[in-house]
Amino acid sequence: QVQLVESGGGKVQAGGSLRLSCVTSGRTFSLYTMGWFRQAPGKEREFVAAISWSGGRGRYADSVKGRFTISRDNAKKTVYLQMNSLKPEDTAVYYCAADRADVVNTNEYEYDDWGQGTQVTVSS
């Protein structure tokens, strides 16, 4: 099992930026597809972005394309989510997740391990 710990959340005004980090334990981080999901109050959890184990393939939700960038540093066992041009509708708890398959999934049920989440609040 992989342990995941997110950080970097906080409060920011619309148009601002935040960078989320997710540090993982486990020896085989470099073999995992990593994803970010989010859940706003009263809504279901939704896909945000995912990246392949090599970092060569990424996928994004349409709502964040062009504003968010996912990246990873396998040596540091860390995945990042750079969030720019933030909007109030980006307010949510953001979760990091690991998928042991070499497929860049957008379906949360394909992910095996999850972090506890970090709150992002964007004010207008």
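If you read the sequence from its start, that first residue is 1, and numbering goes on from there. Just so it is clear, the model here is predicted, and its values are computed rather than measured.
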Worksheet item: In Å and rounded to the nearest 0.5 Å, what is the CZ to CZ distance from Arg38 to Arg45?
Response: 13.5 Å
Discussion item. So which atom in Leu20 and which in Tyr94 form the shortest heavy-atom distance, rounded to 0.1 Å?
Written reply: CD1-CB, 3.5 Å
Worksheet item: Between Gln82 (side chain) and Phe68 (backbone), is there a donor-acceptor pair under 3.5 Å?
Response: no
Worksheet entry | Considering all heavy atoms, the nearest Ser124-Ala14 contact | CA-CB, 4.3 Å
Practice prompt. First locate atom CG of Leu81, then atom CH2 of Trp36, and finally report the distance between them rounded to the nearest 0.5 Å.
Written response: 6.0 Å
Worksheet entry | Which residues share a side chain to side chain contact (heavy atoms under 4.5 Å, CB included) with Ser85, sequence neighbours left out | Arg67
Worksheet item: If you group Ile, Leu, Val, Met, Phe, Trp and Tyr by side-chain heavy-atom gaps below 4.5 Å, do Val64 and Val79 land in one group?
Response: yes
Discussion item. Restricting to side chain to side chain donor-acceptor pair (under 3.5 Å), what partner residues turn up for Ser25, sequence neighbours left out?
Written reply: none
Practice prompt. Apply salt bridge (charged side-chain N to carboxylate O under 4.0 Å, His left out) to Asp62 and Lys65, showing your working.
Written response: CA-CA 5 Å; Asp62 289 342; Lys65 279 181 182 176; 3.2 Å; yes
Item to complete: Could you list the residues that satisfy side chain to side chain donor-acceptor pair (under 3.5 Å) with Asn105, not counting sequence neighbours?
Response: Asp99
Worksheet entry | Heavy-atom donor-acceptor pair, Arg59 side chain to Ile51 backbone, under 3.5 Å | no
Worksheet item: Between Glu6 and Val23, does a side-chain contact (heavy atoms from CB on, under 4.5 Å) hold up when you go through it step by step?
Response: CA-CA 7 Å; Glu6 303 97 334; Val23 179; over 6 Å; no
Worksheet, complete the sentence: Here the gap from Ser63 atom OG to Glu46 atom CD, rounded to the nearest 0.5 Å, amounts to 5.5 Å
Discussion item. Going by side chain to side chain donor-acceptor pair (under 3.5 Å), Arg100 matches just one of Asp113, Thr33, Thr28. Which one?
Written reply: Asp113
Worksheet item: Does Tyr95 sit in a hydrophobic cluster with other residues, and if so which ones, taking ILVMFWY side chains as linked at heavy-atom separations under 4.5 Å, directly or through other members?
Response: Phe37, Phe47, Val93, Tyr111, Trp114
Worksheet entry | Distance (rounded to the nearest 0.5 Å) between Cys96 SG and Ile70 CD1 | 8.0 Å
Item to complete: Would you name the heavy atoms of Tyr32 and Val2 that are closest together and state the gap between them?
Response: CE1-CG2, 2.9 Å
Worksheet entry | ILVMFWY cluster, Met34 and Val120 together (side-chain gap under 4.5 Å) | yes
Worksheet entry | All side chain to side chain contact (heavy atoms under 4.5 Å, CB included) counterparts of Thr91, not counting sequence neighbours | Gln119, Thr121, Val122
Worksheet, complete the sentence: Here the gap from Leu86 atom CG to Ser123 atom OG, rounded to the nearest 0.5 Å, amounts to 10.5 Å
Discussion item. Suppose the criterion is side chain to side chain donor-acceptor pair (under 3.5 Å): which pairs have a residue in residues 68-81, not counting sequence neighbours?
Written reply: Arg72-Asn74
